[in-house]
Amino acid sequence: MPPAAGNGLEPGFRGVICVSFGSSDDTALPDTNGQPRYDLHFESATAESLSELKSVLSGSRVGVRLILAGPPTDIRAAAAAAADCGLLGEEVTLLPQETGPRFVYCPHCLTTTVDEAAGTEVKCQGCATTLTIADHFSRRRGAYLGYSAHAEEAA
Amino acid sequence: MTAIALQPRVHPAVEGGLQLEVTNVSRETESIVSITMAAPEGGRLPSYVPGSHLVVQWGNGVNAYSLTGSGNAPSEYSISVLRVGEGAGGSLAMHRLCVGDRVYVARPRSAFAPASTATHHLLVAAGIGITPVLSHARAAVERDSTATMIYVHRPDAGAHVAEARELLGPGLIALVECTDRGSFQNVLAEALITQPVGTHLYVCGPVVFMDAVLEEARGHGWSSARLHSEAFGAAELDAGEPFTVHLARSGVRLEVPAGVSLLETLETAGQSIPNMCRKGICGECVLPVLRGAPQHRDLYLSEQEKAANNTMMSCVSRSNDPELELDL
């Protein structure tokens with residue numbers, strides 16, 4: 001269903017690009033108020049799908065707006081990719097599904113772990129450190145900051 | 001302090017700044033001269049952000065002028081000054097400067113910086129507004145970023161045209177010169193709908209020109225965070241009418257003569273008012289007004305705040321009434 005990279009997008013597009021992830025229904029996306037609209041759907045925010053999104057964005061022109069709908073991890077990763085292309089926060093609308101996993105960044109080994117459990121701790125997939133999940137969220141990484149749990153307790 | 005007969009005291013706006021020597025004066029057009037200054041002992045001057053301005057003292061007054069270099073490790077500062085006949089006299093004083101003259105300047109200040117996240121820069125200049133825009137273009141060339149420049153000037157009367165043309169290459173990828181309104185309209189309209197995502201727009205020129213460019217950009221979907229304008233390109237403010245201020249708390253009455261700002265008057269009277277740009281931009285020198293209608297000439301207060309008439313910027317604003325009462 002998704003077109004090959006940038007194929008379906010007319011050159012110099014300045015309308016609204018609507019991207020949905022996972023089971024998100026395209027029809028859940030809002031009306032674009034008569035603006036030209038270009039729809040994309042991906043299963044998840046993988047390196048391939050983000051690269052395709054970047055390719056679409058780089059073919060568009062200033063004036064374009066982006067709407068992202070789906071699980072928080074996917075749309076946050078897509079928003080970070082969009083920011084990398086030069087889109088500004090006020091040009092991107094996030095429509096997160098209420099629940100879903102989140103990314104936790106480990107500053108000890110620089111790996112990002114998926115936290116499915118919505119708890120306060122998660123085991124880092126990179127270095128196996130038990131991470132406390134902080135409230136601090138990086139829009140650039142699309143991830144919450146983790147840090148070594150109980151680090152302050154005397155070993 | 002070495003004795004400079006022409007400059008009896010260091011103006012507060014350039015205190016703690018630099019004393020420079022004019023090393024070159026060159027005529028750009030009939031009404032624009034470029035003035036280059038360096039440290040009398042030579043050496044490197046403080047670096048500055050592209051689009052920065054330099055506050056220069058002339059006699060007892062000060063004026064801000066855009067620096068035209070890229071700002072990276074400069075050994076000299078260059079400004080270009082348009083002669084304004086009906087101004088407070090700053091531009092005429094600048095036009096009288098000769099090689100070897102000493103001038104007091106503040107350290108460069110940035111109020112028109114390039115966005116660090118921009119993927120491309122669209123630079124739009126009209127007339128003397130070329131000065132900070134040239135700084136941006138030079139910086140783009142030096143820093144491996146890219147820029148497109150649209151420059152509106154009178155036929156055969158464009159300052160820095162040759163320098164802008166020389167910058168053309170991988171950094172400054174396009175330079176469009178417009179010498180009439182109609183061609184500019186078309187060039188701008190085309191540029192606004194063809195810029196890659198991540199482009200930021202920078203405009204400097206007369207206020208009416210900047211407003212028109214910014215409004216058209218917004219109309220084409222440019223969000224305000226992409227739009228940057230340099231208010232210093234505006235014409236110098238006129239001297240204004242004299243008025244009186246009554247300082248309610250200290251019970252003092254002061255006369256503010258034409259050509260002297262309220263801020264300067266208060267400073268002379270020993271009042272210490274926090275201030276920075278002294279150009280109605282930064283908002284530092286805000287004062288509470290108890291009575292009277294200020295003549296707002298700043299670019300800081302919103303329209304609503306101006307209409308409320310309970311605050312004013314003492315550096316540029318004056319009074320519509322013969323007397324103002326301040327909570328000081």
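What you are looking at is a predicted structure, and each value in this text was computed from that prediction instead of being measured. Numbered from 1 within each chain, the chains take letters A, B, ... in sequence-line order.
Near-neighbour residues of residues 214-223 of chain B relative to chain A, defined by a heavy atom under 4.5 Å from a heavy atom of that chain, comprise B:H220, B:G221, B:W222, B:S223. For a heavy-atom cut-off of 4.5 Å, chain A lies close to B:L192, B:I193, B:T194, B:Q195, B:P196, B:V197, B:G198, B:T199, B:H200 in residues 168-202 of chain B.
Of all heavy-atom pairs between A:E90 and B:A225, the closest is OE1-CB, 3.2 Å.
Both the backbone and the side chain of A:L88 come within less than 4.5 Å of a heavy atom in chain B. With a threshold of 4.5 angstrom between heavy atoms, A:V64 approaches chain B through side-chain atoms but not through N, CA, C or O. Of the atoms belonging to A:S60, heavy atoms from both backbone and side chain fall under 4.5 Å from chain B.
Heavy atoms of other residues, nucleotides or ligands lying less than 6.0 angstrom from NZ of B:K306 number more than 12.
Put simply, of A:G89, A:G63, A:A83, the one with the most heavy-atom pairs under 4.5 Å next to chain B is A:G63.
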